Amino acid sequence: QELPETVLLKFFRPESTPVPARPTPEQLSNLIKTSLHYPESFSHSFHQKSLCLVPVTLLLSNCSQAVVDVMIDLRHKTTSPEALEIHGSFTWLGQTQYKLQLKSQEVYSLQLKACFVHTGVYNLGTPRVFAKLVDQVTLFETSQQNSMPALIIINSI
């Protein structure tokens with residue numbers, strides 16, 4: 001009786017080029033970290049000058065290894081009655097939209113001016129920040145997660 005012929009099995013792995021993983025919506029909403037820098041409270045003589053201008057710095061940090069297109073929109077207003085009761089309304093002076101590109105790990109500082117007409121407590125956390133990877137073919141940028149409310153107290157002298 002003849003033994004069946006043994007055949008050697010060869011295992012080989014086809015050369016595969018790694019396909020870059022598509023970022024998840026969670027990752028896309030964390031491309032840019034933002035922080036607002038401003039005085040905790042600001043005193044102003046509303047009797048001498050009706051408009052109170054406060055310098056505010058919006059710090060944008062690219063947390064990714066990629067180049068990111070960023071769009072900042074200052075036109076967003078808090079319109080819920082509760083928020084207006086607590087924070088009141090204020091205006092950003094000057095340009096209302098910015099488009100910029102941040103390199104990998106780049107930090108960018110944007111100088112803004114907030115304008116107040118009354119004393120009170122205000123939430124400066126209204127800028128909306130959108131971002132997308134430069135090489136990503138998307139019609140819309142992903143809204144970046146907003147940080148905690150940024151409260152400022154405006155006092156009268």
Side-chain angles (χ1 to χ4, degrees), residues 12-44 49-155:
F12 62 94
R13 188 174 51 194
E15 287 301 313
S16 62
T17 52
V19 177
R22 192 170 171 77
T24 64
E26 170 78 18
Q27 288 169 319
L28 287 175
S29 68
N30 287 300
L31 291 173
I32 302 293
K33 286 277 181 260
T34 59
S35 60
L36 286 167
H37 299 269
Y38 56 92
E40 212 171 276
S41 66
F42 195 86
S43 296
H44 177 79
K49 206 173 176 189
S50 59
L51 297 180
C52 169
L53 303 182
V54 179
V56 177
T57 302
L58 175 61
L59 214 57
L60 303 153
S61 308
N62 181 354
C63 300
S64 74
Q65 299 297 324
V67 181
V68 175
D69 280 329
V70 182
M71 203 269 286
I72 299 115
D73 188 356
L74 300 177
R75 297 168 306 169
H76 180 62
K77 291 275 178 253
T78 307
T79 50
S80 70
E82 311 83 47
L84 286 173
E85 274 173 37
I86 302 165
H87 310 301
S89 186
F90 73 97
T91 305
W92 291 108
L93 279 193
Q95 196 173 329
T96 57
Q97 284 189 309
Y98 297 85
K99 283 183 188 256
L100 41 119
Q101 203 171 75
L102 295 183
K103 295 182 191 76
S104 166
Q105 305 293 309
E106 185 180 353
V107 176
Y108 185 84
S109 177
L110 189 61
Q111 302 306 314
L112 305 171
K113 279 220 184 311
C115 178
F116 305 91
V117 292
H118 302 291
T119 58
V121 178
Y122 297 88
N123 178 13
L124 295 175
T126 61
R128 289 190 301 176
V129 178
F130 302 91
K132 75 175 188 67
L133 299 173
V134 166
D135 56 9
Q136 202 179 22
V137 186
T138 328
L139 264 68
F140 303 103
E141 291 92 350
T142 306
S143 179
Q144 300 303 287
Q145 288 185 338
N146 206 348
S147 52
M148 300 302 286
L151 300 179
I152 184 172
I153 302 166
I154 303 297
N155 300 305

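Quantities reported herein were computed from a predicted structural model and do not represent experimental measurements.
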- Item | Close side-chain approach of Leu74 to Ile72, heavy-atom, < 4.5 Å |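 Side-chain contact under 4.5 Å: yes.
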- Pairwise side-chain contact, Leu102 with Val67, heavy-atom cut-off 4.5 Å (strictly under):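 No, too far: nothing below the 4.5 Å cut-off.
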State, to 0.1 Å, how close [X] and [Y] come at their nearest heavy-atom pair, and which atoms those are.
{"X": "Gln105", "Y": "Cys63", "result": "NE2-O, 3.5 Å"}
{"X": "Trp92", "Y": "Leu112", "result": "CZ3-CB, 3.8 Å"}
{"X": "Ser61", "Y": "Val107", "result": "OG-CG2, 3.9 Å"}
{"X": "Leu53", "Y": "Pro55", "result": "O-CD, 4.1 Å"}

- Query: Would Asn62 and Ile32 satisfy side chain to side chain contact (heavy atoms under 4.5 Å, CB included), going step by step from the backbone distance to the final call?
  - Reply: CA-CA 5 Å; Asn62 181 354; Ile32 302 293; 4.1 Å; yes
Set of residues satisfying side chain to side chain contact (heavy atoms under 4.5 Å, CB included) with respect to [X], sequence neighbours excluded:
{"X": "Gln95", "answer": "Tyr98"}
{"X": "Ser43", "answer": "Asn155, Ile157"}
{"X": "Gln97", "answer": "Met71, Asp73, Arg75"}

Measuring from [X]:[atom1] to [Y]:[atom2], what's the distance to the nearest 0.5 Å?
{"X": "Leu36", "Y": "Ile152", "atom1": "CG", "atom2": "CD1", "result": "10.0 Å"}
{"X": "Ser64", "Y": "Lys103", "atom1": "OG", "atom2": "NZ", "result": "13.0 Å"}
{"X": "Tyr38", "Y": "Leu151", "atom1": "OH", "atom2": "CG", "result": "6.0 Å"}

- Message: Around atom NE2 of His37, are there more than 12 heavy atoms from other residues, nucleotides or ligands closer than 6.0 Å?
- Response: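 It does: His37 NE2 has more than 12 such atoms within range.
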- Query: Is the CD atom of Gln111 crowded by more than 12 outside heavy atoms at less than 6.0 Å?
  - Reply: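 Check passes, neighbour count above 12.
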- Query: Step by step, would you call Val68 with Leu133 a side chain to side chain contact (heavy atoms under 4.5 Å, CB included)?
  - Reply: CA-CA 5 Å; Val68 175; Leu133 299 173; 4.1 Å; yes
- Query: Should Val54 and Ile154 be marked as a side chain to side chain contact (heavy atoms under 4.5 Å, CB included) after you check the CA-CA gap, both sets of side-chain angles, and the distance that decides it?
  - Reply: CA-CA 9 Å; Val54 179; Ile154 303 297; 4.1 Å; yes
- Task: Kindly write out the residues that satisfy side-chain hydrogen bond (donor to acceptor under 3.5 Å, both in side chains) with Lys33, not counting sequence neighbours, or none if the list is empty.
- Result: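 If we apply the side-chain hydrogen bond (donor to acceptor under 3.5 Å, both in side chains) test to Lys33, skipping adjacent residues, the hits are Asn30.
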- Does Gln101 have any side-chain hydrogen bond (donor to acceptor under 3.5 Å, both in side chains) partners at least two apart in sequence or in another chain, and if so, which?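 In terms of side-chain hydrogen bond (donor to acceptor under 3.5 Å, both in side chains), with neighbours along the sequence ignored, Gln101 is linked to Asp69.
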- Item | Residues which pass ring pair (Phe, Tyr, Trp, His ring centres under 6.0 Å) with Phe116, listed by chain and number, not counting sequence neighbours |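 Only Phe90, Tyr122 meet the ring pair (Phe, Tyr, Trp, His ring centres under 6.0 Å) criterion with Phe116.
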- Task: Under the side chain to side chain contact (heavy atoms under 4.5 Å, CB included) rule, what do Tyr108 and Val70 come out as? Steps first, then yes or no, please.
- Result: CA-CA 11 Å; Tyr108 185 84; Val70 182; over 6 Å; no
